[in-house]
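Reminder, nothing fancy here: chain letters follow the sequence lines and each chain counts from 1.
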Amino acid sequence: MIEFRDVHKTYETGNEALKGIDIKIEEGEFVFIVGASGAGKSTFLKLIMREEVATSGEVVVSNFKLSKLKKRQIPYLRRAMGIVFQDFRLIDTMTVFDNVAFAMRVVGASQREIRRRVPYVLGLVGLQGKTKNFPAELSGGEQQRVGLARALVNNPSLIIADEPTGNIDPELSYEIMELLTEINRRGTTVLVVTHDQELVKSFGRRVIEIRQGLVVSDSKEVPHEI
Amino acid sequence: MRFNTFRFLVKEGVRSLRQNFFMSAASILVLVSCLLITGCAYLVYENVEHAFDWAYQQNVVVAYAKDEVTDERATAIKAELEAQSNVTQVEYISKEALLDRYKDEFGELLEDLQADNPLQDAFVISFQDLTLFDETVSLVKTIDGIDKVDYDQALSETLVKVRNVVLTVGVWVIALLLIVSLFIIANTIKLTVYSRRREISIMRSVGATQWFVRFPFMVEGIILGSVAGAVSYGLLFGVYEIIRQNFTFSSSLELIPFAVVWWQLLVGFLAGGMVTGILGSTLSIGRYLKEHTE
Ligand SMILES: Nc1ncnc2c1ncn2[C@@H]1O[C@H](COP(=O)(O)OP(=O)(O)O)[C@@H](O)[C@H]1O
Ligand SMILES: [Mg+2]
């Protein structure tokens with residue numbers, strides 16, 4: 001599903017964000033990515049989303065070799081993934097329903113598909129009663145569930161979340177993680193960046209730790225570590 | 001593209017227009033002034049052309065032959081005049097015929113002149129191109145046997161001057177204003193691009209194609225441009241017709257009716273407005289997308 005082969009990323013400013021990453025993530029996995037602030041976690045995700053391009057090495061995402069990907073093919077790569085943002089990135093002037101439908105309209109879905117799919121996905125994240133509300137009328141946890149619904153609505157095979165619970169009360173963070181594991185149970189690969197050590201421990205999944213641009217531990221390689 | 005998708009994109013464009021109402025109104029205003037000035041220049045130009053045609057019909061030159069010119073020589077001179085490339089028609093009037101004409105007008109008063117005719121044989125010459133007026137007149141003067149040439153030089157000179165001024169000043173002013181309009185529209189769209197940057201980043205993250213991201217801004221540009229085109233057209237039409245119907249400059253020369261140029265102006269205004277709108281939006285969204293990879 002995702003493969004990094006000796007990937008380096010140096011920003012134009014000279015910042016060496018990634019210094020040789022080798023990693024493989026299989027289809028259907030649930031992976032936590034942890035590390036201190038500035039370690040290179042977001043850069044790692046941005047390379048997968050093709051928001052940034054590796055300086056050297058190769059990134060492969062669901063059969064797309066990203067170094068060879070043409071600019072106009074990027075949209076089709078992105079359609080294979082759902083992205084969840086720390087700041088939710090909802091459109092304030094649109095209802096919950098329209099925020100989620102927006103992602104479908106953008107890829108040219110029909111009105112019928114939208115009417116069938118959006119309520120279903122909003123049901124999945126437990127927001128069936130809030131379809132007509134505007135983002136400002138929701139709690140942080142609910143807003144992020146809208147973000148999650150939007151990421152899910154086009155049925156991607158990969159979900160990428162960069163600190164999805166960073167702006168949410170801790171007690172509600174657990175619910176978001178639960179939802180993500182539920183999504184993973186249905187077969188979607190899930191990649192979550194988080195600071196929250198407690199949360200990571202309680203879920204007992206594969207954990208990749210990045211420190212100063214390098215992978216310093218990967219629980220998959222040492223599966224029986226305590 | 002599905003109709004549903006098209007409708008969505010058009011709605012998005014209209015939505016961002018409404019969100020930036022004042023800037024949109026301002027850019028429409030600027031584009032309207034640009035189009036109005038262009039339209040005025042065009043109308044002046046058309047009217048000058050019309051005046052040329054009129055002057056061409058009115059303004060003929062009369063060349064007079066010297067007294068010693070014989071009938072045979074007069075025929076030769078007529079042939080020589082007709083051979084000039086800028087001359088379309090020559091009418092020969094002998095001094096006897098001329099006197100008869102005057103007698104019709106002034107009657108018995110001229111009876112005494114019959115014996116000793118003081119008039120000269122005349123050639124009434126029509127020109128093809130009034131801008132070559134001076135050259136042609138000098139050529140006529142050099143012909144052997146021609147005494148003097150009478151003409152209304154002032155009118156033709158004025159017309160040539162007006163046309164040249166309208167052409168040169170018009171072209172520069174219009175070019176300048178088009179650039180200004182383009183700049184203003186590009187900036188309006190830039191504002192709406194910035195106010196919609198979250199939507200753009202969401203669109204890109206869920207896999208919208210480039211043109212899909214651009215489309216609402218195109219719609220915005222097209223709407224700005226065509227509204228400006230329609231408003232300018234209406235204004236120009238109204239004001240021009242009021243002027244034409246209420247002021248007469250000369251009893252024989254009138255302004256051309258708007259109806260003569262209605263479609264050229266309509267097509268020109270709408271096309272000009274839309275092209276400026278599309279170009280302006282393409283410029284600013286292209287720039288934004290280049291600078292912001294996210
Ligand atoms: N667009 C950028 N331009 C320059 N340097 C950047 C950019 N994005 C991140 N960096 C730098 O790269 C390093 C890793 O950043 P990031 O991947 O955001 O870390 P994390 O998400 O783990 O906090 C940091 O030193 C950061 O300052
Ligand atoms: Mg980060």
**Prompt:** Just by distance, with hydrogens left out, do B/T282 and B/R214 show a side-chain donor and acceptor under 3.5 Å apart?
**Reply:**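 B/R214 and B/T282 do not have a side-chain donor-acceptor pair below 3.5 Å.
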**Request:** Go through the atoms of B/R197 and report whether side chain, backbone, both or neither lie under 4.5 Å from a heavy atom of chain A.
**Result:** neither
**Request:** Please look at B/R15 and chain A and tell me whether the side chain, the backbone, both or neither of the residue comes under 4.5 angstrom of a heavy atom of that chain.
**Result:** side chain
**Prompt:** Centres of the A/F64 and A/Y76 rings: under 6.0 Å?
**Reply:**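 So the answer is no for these two rings.
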**Asked** When the aromatic ring centroids of B/Y288 and B/F217 are compared, is their separation below 6.0 Å?
**Response**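 That pair fails the under 6.0 Å test.
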Quick check on [X] against chain B: is it the side chain, the backbone, both or neither that has a heavy atom closer than 4.5 Å?
X: A/I74; result: neither
X: A/A109; result: backbone
X: A/M94; result: side chain

**Fill in**
Counting heavy-atom pairs under 4.5 Å with chain B, the top scorer among A/V153, A/L90, A/V107, A/I114 is A/L90
**Asked** Roughly how far, to the nearest 0.5 Å, is the CZ atom of A/R50 from the CZ atom of A/R78?
**Response** 8.5 Å
**Prompt:** For the residue pair B/F269 and B/Y233, does the interplanar ring angle fall in the parallel (under 30°), tilted (30 to 60°) or perpendicular (over 60°) class?
**Reply:**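 Plane angle over 60°, so perpendicular.
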**Request:** Would you check if the side chain of A/R145 reaches a backbone N or O of A/I176 as a donor-acceptor pair within less than 3.5 Å?
**Result:** no
**chain A interface, residue from B/F6, B/F3, B/F8 that has the most non-hydrogen pairs under 4.5 Å** =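 Between B/F6, B/F3, B/F8, the count favours B/F8.
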**Request:** Identify which of B/V213, B/L9, B/T209 forms the greatest number of heavy-atom pairs closer than 4.5 Å to chain A.
**Result:** B/T209
